[in-house]
Amino acid sequence: MTTPIARILGARTSTGLVDLGIDAGVISTSSIHRISTVSGLSPIGPETVLDAAGAVVMPAFVDAHVHLDKAHLLGAGGLEPTGPGVGPAIALMQEVRRTQPAGIVEVGARRGVESLVRHGVVAARAHVEVDADIRLDMLDLHIALREENAERIDLQLSVFPQNGLTREVTALMSAALRHGGGVVGGCPYVDDDQEAHLDTVFGLAERFGLPVDLHLDFDDDPAGSMVAAVAERTRALGMQGQVTIGHVTKLAAMPVDEQEVAYALMAQAGISLVVMPATDLYLGGAGEPGSRSLAPLERAHAAGVRVAVSNNNLHNAFSPYGNGNLLQAAWTAGLTRQLVGPEMLDLLVASITDHPAGILGRPPHGTTAGDVADLVILDTEDHHLVPLQVPSVLASIRAGALVHEQRSIRTQTMEVTS
C-alpha cells in the first residue's frame with residue numbers, strides 16, 4: 001500500500017531549506033520553508049504532508065544493474081561463498097539451478113526487491129537469466145515481481161545469457177524479448193568467440209529495437225579488451241546512447257594511456273559504464289594500487305562517459321556482501337578510488353541517481369519543479385555527508401507516493417488544512 005503525498009515541509013535540498021508541493025507525481029512548487037505546526041514525518045488528513053524537519057531530501061536511487069534471480073542465496077541449500085574468481089561463482093550458480101527448488105530462488109528474489117525498496121531504490125534494471133535448462137522460468141518470475149511491485153519500484157528487465165549463447169539460447173532470448181524483456185543482455189566473456197556473441201546480441205537489439213547491456217571484460221588481464229568491438233558495433237547501428245557495459249574490470253589493470261583510449265571510444269559511441277563495487281572487488285584480484293578490480297569511474301567521467309554505480313549481486317556467491325544499499329555501494333567506490341572534494345562527491349551521488357536514471361531512459365527526477373517526485377529522505381542535515389557517511393533512508397517516495405518509511409519515525413496523525 002502506498003500513500004500519495006501532497007507536500008513535503010522542511011526539506012533540506014541542494015538549494016536550501018524548502019517546502020515542496022507535489023501534484024500528480026511531479027514536483028509542482030518549491031518555496032522557502034516556513035515554520036510548520038506539523039509534527040512528525042507523515043501526519044495524514046485531508047492531504048498527506050511529510051515534515052522532513054530539516055533532513056536531506058534528494059533524488060531517489062536508481063540501480064542500473066542488479067540480479068534478483070541470484071539474490072540472497074547464501075545459506076540456501078548449503079550454498080556457500082566460493083571465494084575470488086568469476087568461473088567458480090558461475091559454476092556454483094549452475095549447480096543451484098540444477099539442484100535447488102525454484103522456490104528458493106523466488107524467496108531470494110522477493111527479498112532482493114524488499115532490500116532495494118528499503119534502501120530507497122525506486123527503479124532498477126534487473127538482469128534475467130535465460131538458459132537451456134531454466135528456459136523462461138526466471139523471466140516469468142521477474143514479470144510477476146514487476147507487476148506485484150509496480151507502485152513501489154519500476155523493474156526494467158534485461159534478458160541475459162549467463163552461460164553463453166547457443167542456437168537454442170538465442171531462440172530463447174528472442175522469445176523472452178517478445179514476452180516482456182526490454183533490454184538485450186550479453187556476456188561475451190563466457191563464450192570462446194566473443195565477437196560472434198556480440199554479433200548475436202547486437203543483431204537481436206537491431207531486430208527488436210531495444211538497448212544493449214553487456215557484462216564485459218570481467219578479469220584482471222589488461223589485454224584483450226572488447227571495448228573497441230562494442231564501440232564499433234554501436235556506431236555502425238546508430239545505437240549511441242543505447243549501449244551500457246558493466247564490470248569492465250580490465251580498465252583497472254590497464255596503463256592509464258590505454259584506459260584513455262578506451263574512454264575516448266566509449267564517449268564517442270555514447271556507451272555508458274556501470275561499476276559494481278561489491279562484486280568487482282570481491283571477485284577481482286589485482287589492478288593498479290588503490291583500485292584492485294574496480295574500473296576508474298572518475299577517469300571515465302572526466303572523458304565524457306556516463307558512469308553509474310550498482311548493487312549487482314545481493315548476498316550470493318558472486319558477492320556475499322551485497323545488501324541492496326546503493327549509497328553504500330557509492331561509498332565503497334569512493335573509498336576504493338580515493339575520491340575526495342565536492343566534484344567527486346557529486347559524481348558519487350549522480351552515479352546512483354541521475355546517471356543510472358539516464359541509462360534506464362527515465363525522465364529527470366528530484367526536487368526541482370517539473371521533476372518526477374522520486375525522492376528519498378535521509379537521516380542527515382548535511383548534503384556533503386551523504387556519500388561519506390551513508391545515512392539511513394528515513395523514507396522513500398516514488399512518483400509522489402510514500403512507498404517506504406522507517407517505522408520509528410511515524411509519530412503522529414493529524415489534519416492539515418492550510
Judged by atom type as modelled, is there a donor-acceptor pair below 3.5 Å linking the side chain of [X] to the main-chain atoms of [Y]?
| X | Y | result |
| --- | --- | --- |
| Thr249 | Asp219 | yes |
| Asn316 | His72 | no |
| Ser310 | His65 | yes |
| Asp280 | Leu294 | no |
| Thr244 | Ser272 | no |
| Asp191 | Leu165 | yes |
| Arg398 | Ala150 | yes |
| Asn325 | Leu327 | yes |

Can you give me the closest heavy-atom contact between [X] and [Y], atom names plus distance?
| X | Y | result |
| --- | --- | --- |
| Leu198 | Pro188 | CD2-CG, 3.7 Å |
| Gly120 | Ser396 | CA-CB, 3.9 Å |
| Ala132 | Val169 | N-CG2, 4.0 Å |
| Met254 | Ser225 | CE-CB, 3.6 Å |
| Cys187 | Pro161 | CB-O, 3.9 Å |
| Thr367 | Leu20 | O-CD2, 3.6 Å |

[atom1]-[atom2] distance between [X] and [Y], expressed to the nearest 0.5 angstrom:
| X | Y | atom1 | atom2 | result |
| --- | --- | --- | --- | --- |
| Thr336 | Leu281 | OG1 | CG | 4.5 Å |
| Arg7 | Thr48 | CZ | OG1 | 10.5 Å |
| Asp63 | Ile359 | CG | CD1 | 10.0 Å |
| Tyr282 | Asn313 | OH | CG | 11.0 Å |
| Met173 | Leu139 | CE | CG | 11.0 Å |
| Asp217 | Ile245 | CG | CD1 | 7.0 Å |

Going through the distances and angles, do Val128 and Val159 end up as a side-chain contact (heavy atoms from CB on, under 4.5 Å)? CA-CA 5 Å; Val128 183; Val159 180; 5.5 Å; no
Would Thr15 and Thr13 count as a side chain to side chain donor-acceptor pair (under 3.5 Å) if you check the C-alpha gap in whole Å, the side-chain angles of each, and the deciding distance to 0.1 Å? CA-CA 5 Å; Thr15 60; Thr13 71; 3.0 Å; yes
Step by step, would you call Leu145 with Leu141 a side-chain contact (heavy atoms from CB on, under 4.5 Å)? CA-CA 6 Å; Leu145 289 173; Leu141 170 60; 4.2 Å; yes
Quick check: are there more than 12 heavy atoms from other residues, nucleotides or ligands sitting under 6.0 Å from [atom1] of [X]?
| X | atom1 | answer |
| --- | --- | --- |
| Arg135 | CZ | no |
| Phe208 | CZ | yes |
| Asp257 | CG | yes |

Step by step, work out the side-chain contact (heavy atoms from CB on, under 4.5 Å) result for Val261 and Glu258. CA-CA 5 Å; Val261 171; Glu258 293 182 20; 5.6 Å; no
Quick one, [X] and [Y] - any side-chain contact, counting heavy atoms below 4.5 Å?
| X | Y | value |
| --- | --- | --- |
| His383 | Leu345 | no |
| His197 | Tyr189 | no |
| Ile377 | Val57 | yes |
| Val212 | Thr234 | no |
| Ile8 | Ile397 | yes |
| His315 | Asn323 | no |
| His247 | Asn312 | yes |
| Val113 | Glu148 | no |

If you apply the rule side chain to side chain donor-acceptor pair (under 3.5 Å), what do you find for Ser392 with Gln406, and how did you get there? CA-CA 9 Å; Ser392 61; Gln406 285 189 4; 3.2 Å; yes
Out of the candidates Gln242, Arg125, Gln156, only one should pair with Asp213 under the side-chain hydrogen bond (donor to acceptor under 3.5 Å, both in side chains) rule; please name it. Arg125
Any ion pair linking Arg110 and Glu114 (charged N to carboxylate O, less than 4.0 Å)? no
Does Asp382 pair with Arg12 as a salt bridge, N-O distance under 4.0 Å? no
Can you run down the ring pair (Phe, Tyr, Trp, His ring centres under 6.0 Å) pairs that involve residues 157-186, sequence neighbours left out, and say none if there aren't any? His67-Phe160, His127-Phe160, Phe160-His215
Please collect all side-chain hydrogen bond (donor to acceptor under 3.5 Å, both in side chains) contacts where either partner lies in residues 341-357, sequence neighbours excluded, each pair once. none
Between Leu116 and Phe61, is the side-chain contact (heavy atoms from CB on, under 4.5 Å) condition met? List the steps. CA-CA 9 Å; Leu116 295 176; Phe61 306 133; over 6 Å; no
Please name the residue in the list Asp220, Leu216, Asp221 that meets the side chain to side chain contact (heavy atoms under 4.5 Å, CB included) test with Lys250. Asp221
